[in-house]
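Quick one: the structure is below, and I'll ask about it shortly.
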Amino acid sequence: MLMKKRTRINVLLAEQPIGETVVVKGWVKSFRNNQFISLNDGSCFDSLQIVVDRDDVEEKILKQITPGAALGVKGKLIESRGKGQSVEIDAEDVIVYGPANPETYPLQPKKHSKEFLREIAHLRFRTNTFGAIFRIRHAISYAIHQFFNEQKFYYLHTPIITASDAEGAGEMFRVTTLDLDNTPKTEDGKIDFKKDFFERETHLTVSGQLEAELGALALGQVYTFGPTFRAENSNTSRHLAEFWMVEPEVAFADLEENMDLAEKMLKYIITYTLVNCSQDLQFLNDQLEKEESQKPKNERSAMSLLDRLQFCVDYDFARITYTEAIDILKKSKPNKKKKFNYIIEEWGADLQSEHERYLVEKHFKKPVILYDYPKNIKAFYMKVNEDGKTVRAMDILFPGIGEIIGGSQREENIDILLDRMKEMNIPEEELYWYLDIRKYGSCPHSGYGLGFERMVQFVTGMGNIRDVIPFPRTPGNAAF
RNA sequence: GCCUCAGUAGCUCAGCUGGUUAGAGCGGCGGACUGUUAAUCCGUAGGUCAUAGGUUCGAGCCCUAUCUGAGGCGCCA
């Protein structure tokens, strides 16, 4: 039996062509009463109810309709006789494309823990929660491209394999084709990278920023959106070894314009998902409410997921300097009562995540942009302020996530930049290409990096970053 | 990398102060059921208590090490 021209379930539910004979294909969520199949094809959160008459369908086929099985169904779309759904299909033909052995299929029609599903990440797409998360992840990705396109930015593909070891953004993964059991050596006994594929040491990128700066100082405004790799042994709910980062870079923009762009982008993304992912978000919202209701009252969050998202869109982010933040923290209760693990005593201290969390979740109760940090706790390329002590850096802090964006105005004065590089032991020779844009037609420019998965975490309300990327890469984990 | 907590059936968990044969719900298997909504009902199988040592007359429970997972910290996005 041939079944062509399948209609996606989201289209059927939106258009509801009652009385038409249609073909749908998808995977069984549940089969109730030997009569009602709940079929999901991934096109939307909702499943479609298929009604089979067990006298019309062979026993052999009926036996194969179990959770996870792939089916094709042909039948007439009718108004549902039951409650719970508006339309259903009165099945005429059912094909089983691929059965799913119920003795071994790990997904049951019940709630599973996210930790368990992470162990079977290749199958977790089939669940309600992860279906919703990955549809939303797509929408956020699309919204980012749409935002920058509307703002007249160019999407720049920066390299994934890089030679420079000087970006200072963390430990790097090595890229090599050398035989590790028999590496060629130079005369003084070191590994001879001249014999390697690129005839030099290479690594996976930790940031596309330096390359993006080169693009921005010709194309005006560009953004990158690609995979980024950090070989840090980070074991937290906010870090991945392989993650995606969005890095806009704008010529002639100062730090204020940089902050404006970042805030506008974040609000655009959230608004886009509220409009286009309402059903998936509603489901995640309700799931989180249920989880919250299990917690003791003082640990529950004040706002629901949907309220938090709407709040972010409706109100301006708080903007304060590092210096103002230190004042607030010094006067704060947890600092006076020594509740912080790191007590803030003087200007210049690096802020710990407990401090950032206090500012965002207790003091301002909304996203916070911190700027003008002490220069000695920030990267070499950030523009030094006139006070000589601070740099034009900014971090955007979100509730529950911490730093979601880190950015700065870049130092465009080559003499100051060279001094900074000497101070911080950054080798000049390796970055000659980066310095060249300061030699020829240098200009003020700014940019930032958005942690894409952290954004998806915020929008979906997921506590662990491993649950918002299809195949998480973390220390000790790269199985599939 | 550091600190804390956890690991009992396929999944989620209970298991008292160390004491006889290890418990439930869901799932599986067999059956019933034509308006169900994580369907329901009847019956049934299923365990190297993470692994390796140790203490004890006796260990799921106590101790040590290892592995795995979670939460927190650092690094950062």
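A note on names: the letters A, B, ... follow the listed sequences, proteins ahead of strands, and every chain is numbered from 1. What's counted below: heavy atoms across the whole structure, side chains too, no hydrogens, waters or symmetry copies.
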Exercise. Checking all strands, does A:Lys63 fall into the base, sugar-phosphate, or nothing category for heavy-atom contacts under 4.0 angstrom?
Worked result: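 Sugar-phosphate only.
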Problem set entry | Between B:rC75 (P) and A:Phe243 (CZ): distance, integer Å |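 From A:Phe243 CZ to B:rC75 P: 15 Å.
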Problem set entry | Rounded distance in Å between the C1' positions of B:rU55 and B:rC62 |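 Comparing C1' positions in B:rU55 and B:rC62 gives a spacing of 8 Å.
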Exercise. Which residues satisfy the side-chain contact (heavy atoms from CB on, under 4.5 Å) test with A:Val22, sequence neighbours excluded?
Worked result: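 side-chain contact (heavy atoms from CB on, under 4.5 Å) list for A:Val22, sorted by chain: A:Thr7, A:Leu12, A:Glu20, A:Ile89.
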Exercise. If you find the nucleotide of RNA chain B closest to A:Glu453 and the one closest to A:Pro102, which residue's nucleotide is nearer the 5' end?
Worked result: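 In this pair, the answer is A:Pro102.
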Exercise. To the nearest Å, how far apart are A:Glu232 CD and B:rC73 C1'?
Worked result: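 After rounding, the gap between these two atoms is 14 Å.
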Exercise. How far apart are the C-alpha atoms of A:Asp372 and A:Arg319, what are their side-chain angles, what is the distance that settles it, and do they pass the salt bridge (Lys or Arg N to Asp or Glu O under 4.0 Å) test?
Worked result: CA-CA 11 Å; A:Asp372 284 352; A:Arg319 294 189 189 190; over 6 Å; no
For this session: Check every atom of B:rG72, B:rG74, B:rU12 against the side chain of A:Ser113 and return the nucleotide holding the closest atom.
Result: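 Output: B:rU12.
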For this session: For A:Gln457 and A:Gly463, indicate whether the former's side chain and the latter's backbone hold a donor-acceptor pair under 3.5 Å.
Result: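 Here the side-chain-to-backbone pair exists.
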Problem set entry | Pair A:Glu242-A:Arg230, side chain to side chain contact (heavy atoms under 4.5 Å, CB included): steps then yes or no | CA-CA 7 Å; A:Glu242 177 183 287; A:Arg230 304 267 167 96; over 6 Å; no
For this session: May I ask you to decide if A:Ile404's main-chain N or O and A:Arg238's side chain share a donor-acceptor pair within less than 3.5 Å?
Result: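 No; judged by distance alone, with no hydrogens or angles, the pair does not exist.
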Problem set entry | Of the listed nucleotides B:rC11, B:rA77, B:rC75, the one nearest the side chain of A:His239 |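 Looking only at side-chain atoms, A:His239 lies closest to B:rC75.
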Problem set entry | A:Ser353 vs B:rC73: side-chain N/O to OP1/OP2 distance below 4.0 Å |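 Result: yes.
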Problem set entry | B:rA70 and B:rG25, which share atom name C1', separated by this distance in whole Å |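 It comes out at 24 Å once rounded to the nearest Å.
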Write down the protein N/O and nucleotide N/O pairs, taken from nucleotides 6-8 of chain B, whose separation is under 3.5 Å; answer none if there are no such pairs.
none

Can you list, pair by pair, the side-chain donor-acceptor contacts under 3.5 Å of residues 338-345 of chain A, counting residues two or more places apart and other chains?
none

Problem set entry | Residue pairs, two or more places apart or on separate chains, that pass salt bridge (Lys or Arg N to Asp or Glu O under 4.0 Å) and touch residues 462-476 of chain A |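 Residue pairs with at least one partner in residues 462-476 of chain A: A:Arg118-A:Asp467, A:Arg124-A:Asp467.
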Problem set entry | Euclidean distance for C1', B:rA59 against B:rU48 (whole angstrom) |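 Per the computed distance, 15 Å lies between those C1' atoms.
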For this session: Any pair with a residue in residues 354-369 of chain A that passes side-chain hydrogen bond (donor to acceptor under 3.5 Å, both in side chains), sequence neighbours left out, goes on the list, sorted by first then second residue, please.
Result: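 Listed once each, the pairs would be none.
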Exercise. A:Ile269 has an atom CD1; how far is it from atom C1' of B:rA77, in whole Å?
Worked result: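 For the pair A:Ile269 CD1 and B:rA77 C1', the rounded distance is 13 Å.
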Problem set entry | Distance between C1' atoms of B:rA45 and B:rG31 (Å, rounded) |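 Between the two C1' atoms, the distance is 15 Å.
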Exercise. In whole Å, what separates the C1' atom of B:rA14 from that of B:rA77?
Worked result: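 Pairwise C1' distance, B:rA14 against B:rA77, rounds to 42 Å.
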Exercise. What residues form a ring-ring contact (aromatic ring centres under 6.0 Å, His included) with A:Phe116, not counting sequence neighbours?
Worked result: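 With neighbours one apart ignored, the set is A:His112.
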Problem set entry | Under 3.5 Å donor-acceptor pair, A:Ser234 side-chain atoms to B:rC76 base atoms |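 Such a pair does not exist between side chain and base.
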For this session: Using a 4.0 Å heavy-atom cut-off across all strands, classify A:Ser237 as base, sugar-phosphate, or nothing.
Result: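 Since only primed, P, OP1 and OP2 atoms lie under 4.0 Å of A:Ser237, the category is sugar-phosphate.
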For this session: Take the protein atom CD of A:Glu291 and the nucleotide atom C1' of B:rG71, then report the distance between them rounded to whole Å.
Result: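 Interatomic distance, CD of A:Glu291 to C1' of B:rG71: 15 Å.
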Exercise. Just by protein heavy atoms under 4.0 Å, how would nucleotides 35-42 of chain B read 5' to 3' in B, S and -?
Worked result: BBBBB---
Exercise. Which class fits the ring pair A:Tyr223 and A:Phe153: parallel under 30°, tilted 30 to 60°, perpendicular over 60°?
Worked result: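 The rings of A:Tyr223 and A:Phe153 stand perpendicular, inter-plane angle above 60°.
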For this session: Pick the C1' atom in B:rG1 and in B:rC11, then give their distance to the nearest Å.
Result: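 One C1' to the other, the span is 33 Å.
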Exercise. Starting at the 5' end of RNA chain B, what dot-bracket string do you get if Watson-Crick and G-U pairs under 3.5 Å are bracketed, crossing pairs use [ ], other-strand pairs use | and unpaired bases use dots?
Worked result: (((((((..((((.....[...)))).(((((.......))))).....(((((..]....))))))))))))....
Problem set entry | Interatomic distance, A:Tyr373 OH vs B:rC76 P [rounded to whole Å] |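 Nearest whole value for this atom pair: 11 Å.
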Exercise. OP1 or OP2 of B:rC73 less than 4.0 angstrom from a side-chain nitrogen or oxygen of A:Arg238, does that happen here?
Worked result: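 Checking B:rC73 against A:Arg238, a side-chain N or O does come within under 4.0 Å of OP1 or OP2.
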Exercise. Whole-Å distance between B:rG31 C1' and A:Glu59 CD?
Worked result: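 The answer, rounded to whole Å, is 12 Å.
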Exercise. Just by distance, do the side chain of A:Glu257 and the backbone of A:Asp254 share a donor-acceptor pair under 3.5 Å?
Worked result: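 Confirmed, A:Glu257 side chain pairs with A:Asp254 backbone.
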For this session: Output yes if the stacking criterion (under 5.5 Å between centres, under 30° between planes) is met for A:Phe452 over the base of B:rA77, else no.
Result: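 No; centroid distance or tilt outside limits.
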Exercise. Which part of the nucleic acid, if any, lies within contact of A:Ile405, taking any heavy atom under 4.0 Å across all strands shown: a base, the sugar-phosphate backbone alone, or nothing?
Worked result: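 Sugar-phosphate contact only - A:Ile405 comes under 4.0 Å of backbone atoms but never of a base.
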Exercise. Start at the 5' end of RNA chain B and walk down; is the nucleotide closest to A:Asp53 or to A:Asn233 reached first?
Worked result: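 Closest to the 5' end, via its nearest nucleotide, is A:Asn233.
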Distances for protein N or O near nucleotides 67-70 of chain B N or O, under 3.5 Å:
| from | atom 1 | to | atom 2 | distance (Å) |
| --- | --- | --- | --- | --- |
| B:rA70 | OP1 | A:Arg118 | NH1 | 2.2 |
| B:rA70 | OP2 | A:Arg466 | NH1 | 3.4 |

For this session: Check A:Ala212 against A:Thr158 and note the closest heavy-atom contact, atom names and distance.
Result: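 Taking A:Ala212 first and A:Thr158 second, the nearest heavy atoms are N-CG2, 4.1 Å.
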Problem set entry | Pairing residues for A:Tyr448 by the ring-ring contact (aromatic ring centres under 6.0 Å, His included) criterion, not counting sequence neighbours |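 Result, ring-ring contact (aromatic ring centres under 6.0 Å, His included) vs A:Tyr448: none returned.
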Problem set entry | Integer angstrom distance from the C1' of B:rC5 to that of B:rA52 |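 The same atom, C1', in both gives a distance of 22 Å.
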Problem set entry | Integer angstrom distance from the P of B:rU8 to that of B:rG47 |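 That atom pair is separated by 15 Å.
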Exercise. Expressed in angstrom and rounded to an integer, what is the separation of A:Gln64 atom CD from B:rG28 atom C1'?
Worked result: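 Computing the A:Gln64:CD to B:rG28:C1' distance gives 17 Å.
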Exercise. Separation of A:Glu103 atom CD from B:rG30 atom C1', in whole Å?
Worked result: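 Taking CD of A:Glu103 and C1' of B:rG30, I get 12 Å after rounding.
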For this session: State whether the side chain of A:Tyr322 and the backbone N or O of A:Gly348 hold a donor-acceptor pair below 3.5 Å, judged by distance alone.
Result: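 Checking the backbone N and O of A:Gly348 against the side chain of A:Tyr322, a donor-acceptor pair under 3.5 Å is found.
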Let me check something: any side-chain donor-acceptor pairs from residues 41-50 of chain A under 3.5 Å, sequence neighbours excluded? List them with distances.
| from | atom 1 | to | atom 2 | distance (Å) |
| --- | --- | --- | --- | --- |
| A:Asp41 | OD1 | A:Ser43 | N | 3.0 |
| A:Asp41 | OD1 | A:Ser43 | OG | 2.6 |
| A:Asp41 | OD2 | A:Ile9 | N | 2.9 |
| A:Ser43 | OG | A:Ile9 | N | 3.4 |
| A:Ser43 | OG | A:Asn10 | N | 3.0 |
| A:Ser43 | OG | A:Asn10 | OD1 | 3.4 |
| A:Asp46 | OD1 | A:Gln279 | NE2 | 3.4 |
| A:Asp46 | OD2 | A:Gln279 | NE2 | 2.5 |
| A:Ser47 | OG | A:Asn40 | ND2 | 3.3 |
| A:Gln49 | OE1 | A:Arg32 | NH2 | 3.1 |
| A:Gln49 | NE2 | A:Glu88 | OE1 | 3.2 |

Problem set entry | Sequence-distant partners of A:Lys63, side-chain contact (heavy atoms from CB on, under 4.5 Å), two or more places apart |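 A:Lys63: side-chain contact (heavy atoms from CB on, under 4.5 Å) contacts with A:Glu59.
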